[in-house]
Undergrad: 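Have a look at this one.
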Amino acid sequence: MITTTDTPTDRWLQNLAGTLPPLTGHSGTAERLLLLLHYGIDWDTSWVATHRAAYWDRHLPNKVLVATYMSSSLRSWWTMVAGDLNAAPRNAAERAELANLLEEPSQPVLRILREQTEALILRTRIVAETIRANRPTQRGAS
């Protein structure tokens with residue numbers, strides 16, 4: 001994984017310091033891509049916003065998994081899954097981190113996304129729930 005400091009995903013993962021250490025290597029790349037995907041969803045206007053009840057257990061895992069089988073690179077995987085979920089980086093820092101992560105070796109990361117889909121999504125959900133619980137009352141990503 002490309003070493004970065006103080007990226008958006010670094011800040012999100014810091015919310016779990018001491019309880020759930022960030023993954024490293026190709027697993028860390030996969031984890032960070034899923035975080036950027038989740039936080040890039042338009043939670044106000046996309047179809048996903050109206051299907052929240054099935055998001056974590058059905059829609060997200062299915063979209064991630066199918067895209068791993070239909071893509072030969074991380075770039076094509078991102079294009080497919082982000083398109084399916086109406087997701088895009090929200091700011092320059094997220095765009096820069098995503099661009100760096102998409103330069104990682106594709107096959108090892110795609111293999112991890114394929115073989116560890118549920119476990120990685122569980123980690124993404126834990127991060128999202130922790131961040132939401134620590135924020136003042138706010139509508140947005142769930």
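Note that the structure is predicted; figures quoted are calculated from it, not measured.
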Undergrad: How about Lys63 and Tyr55: do any of their side-chain heavy atoms sit closer than 4.5 Å?
TA: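 Result no, sub-4.5 Å side-chain heavy-atom pair not found.
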
Undergrad: Of the non-hydrogen atoms in Leu37 and Leu60, which two are nearest, and what is the gap between them?
TA: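 It is CD2-CD1, 3.9 Å.
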
Undergrad: Check Arg90 against Arg95 and note the closest heavy-atom contact, atom names and distance.
TA: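 The answer is C-NH1, 4.0 Å.
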
Undergrad: Hey, could you give me the CD/CG distance between Glu103 and Leu98, rounded to the nearest 0.5 Å?
TA: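 Interatomic distance, Glu103 CD to Leu98 CG, rounded to 0.5 Å: 10.0 Å.
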
Undergrad: What are the two closest non-hydrogen atoms of His38 and Thr124, and how far apart are they?
TA: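 In this case the closest contact between His38 and Thr124 is CB-CG2, 4.1 Å.
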
Undergrad: Who passes salt bridge (Lys or Arg N to Asp or Glu O under 4.0 Å) against Asp84, sequence neighbours left out?
TA: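 Not a single residue meets the salt bridge (Lys or Arg N to Asp or Glu O under 4.0 Å) criterion with Asp84.
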
Undergrad: Which pairs, with at least one residue in residues 58-96 and sequence neighbours excluded, count as a ring pair (Phe, Tyr, Trp, His ring centres under 6.0 Å)?
TA: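 Counting only pairs at least two positions apart or across chains, the ring pair (Phe, Tyr, Trp, His ring centres under 6.0 Å) contacts touching residues 58-96 are Trp47-His59, His51-His59.
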
Undergrad: For the CG atom of Leu35 and the CZ atom of Arg123, what is their distance to the nearest 0.5 Å?
TA: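 If I round to the nearest 0.5 Å, the distance is 9.0 Å.
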
Undergrad: For Glu97 and Pro8, which heavy atoms make the closest approach, and how far apart are they?
TA: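 Smallest interatomic distance, heavy atoms only, reads OE1-CD, 3.1 Å.
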
Undergrad: What distance do Leu120 atom CG and Arg114 atom CZ have between them, rounded to the nearest 0.5 Å?
TA: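 With rounding to 0.5 Å, CG (Leu120) is 13.0 Å from CZ (Arg114).
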
Undergrad: If you compare all heavy atoms of Leu110 against all heavy atoms of Ser71, which two are closest, and at what distance to 0.1 Å?
TA: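 Closest approach of Leu110 to Ser71: CD1-O, 3.8 Å.
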
Undergrad: Can you tell me how far apart OG1 (Thr29) and CG (Leu102) are? Round to the nearest 0.5 Å.
TA: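 The distance works out to 10.0 Å.
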
Undergrad: Could you tell me which non-hydrogen atom of Pro108 sits nearest to which non-hydrogen atom of Pro105, and how far apart they are?
TA: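 Taking Pro108 first and Pro105 second, the nearest heavy atoms are CD-O, 3.4 Å.
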
Undergrad: Sequence neighbours excluded, which residues qualify as salt bridge (Lys or Arg N to Asp or Glu O under 4.0 Å) partners of Arg125?
TA: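 With sequence neighbours excluded, Arg125 shows a salt bridge (Lys or Arg N to Asp or Glu O under 4.0 Å) to Asp57, Glu129, given in chain and number order.
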
Undergrad: Does some side-chain heavy atom of Leu36 sit less than 4.5 Å from a side-chain heavy atom of Trp12?
TA: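 Counting from C-beta outward, Trp12 and Leu36 do come under 4.5 Å.
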
Undergrad: Please determine which of Thr9, Leu122, Leu16 meets the side chain to side chain contact (heavy atoms under 4.5 Å, CB included) test together with Val127.
TA: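 Result: among Thr9, Leu122, Leu16, Leu16 is the only option passing the side chain to side chain contact (heavy atoms under 4.5 Å, CB included) with Val127.
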
Undergrad: Any side-chain heavy-atom pair from Thr7 and Arg32 closer than 4.5 angstrom?
TA: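 Of all side-chain heavy-atom pairs linking Arg32 with Thr7, at least one is under 4.5 Å.
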
Undergrad: Would Trp56 and Ile131 show up in the same hydrophobic cluster when neighbours are defined by side-chain heavy atoms closer than 4.5 Å?
TA: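 Looking at the clustering, Ile131 is in the same group as Trp56.
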
Undergrad: How many angstroms lie between atom CZ of Arg75 and atom CE of Met80, to the nearest 0.5 angstrom?
TA: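 That separation rounds to 16.0 Å.
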
Undergrad: Do you reckon Ile112 sits in the same ILVMFWY cluster as Met70, going by side-chain contacts under 4.5 Å, direct or chained?
TA: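 No, Ile112 and Met70 fall in different hydrophobic clusters.
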
Undergrad: Determine the sole option in Val81, Leu113, Val109, Leu74 for which the side chain to side chain contact (heavy atoms under 4.5 Å, CB included) test with Thr68 is passed.
TA: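 Only one of Val81, Leu113, Val109, Leu74 forms a side chain to side chain contact (heavy atoms under 4.5 Å, CB included) with Thr68, namely Leu113.
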
Undergrad: Measuring from atom CG of Leu101 to atom CD of Glu94, what distance do you get when rounded to the nearest 0.5 angstrom?
TA: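 Result: 11.5 Å between the selected atoms.
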
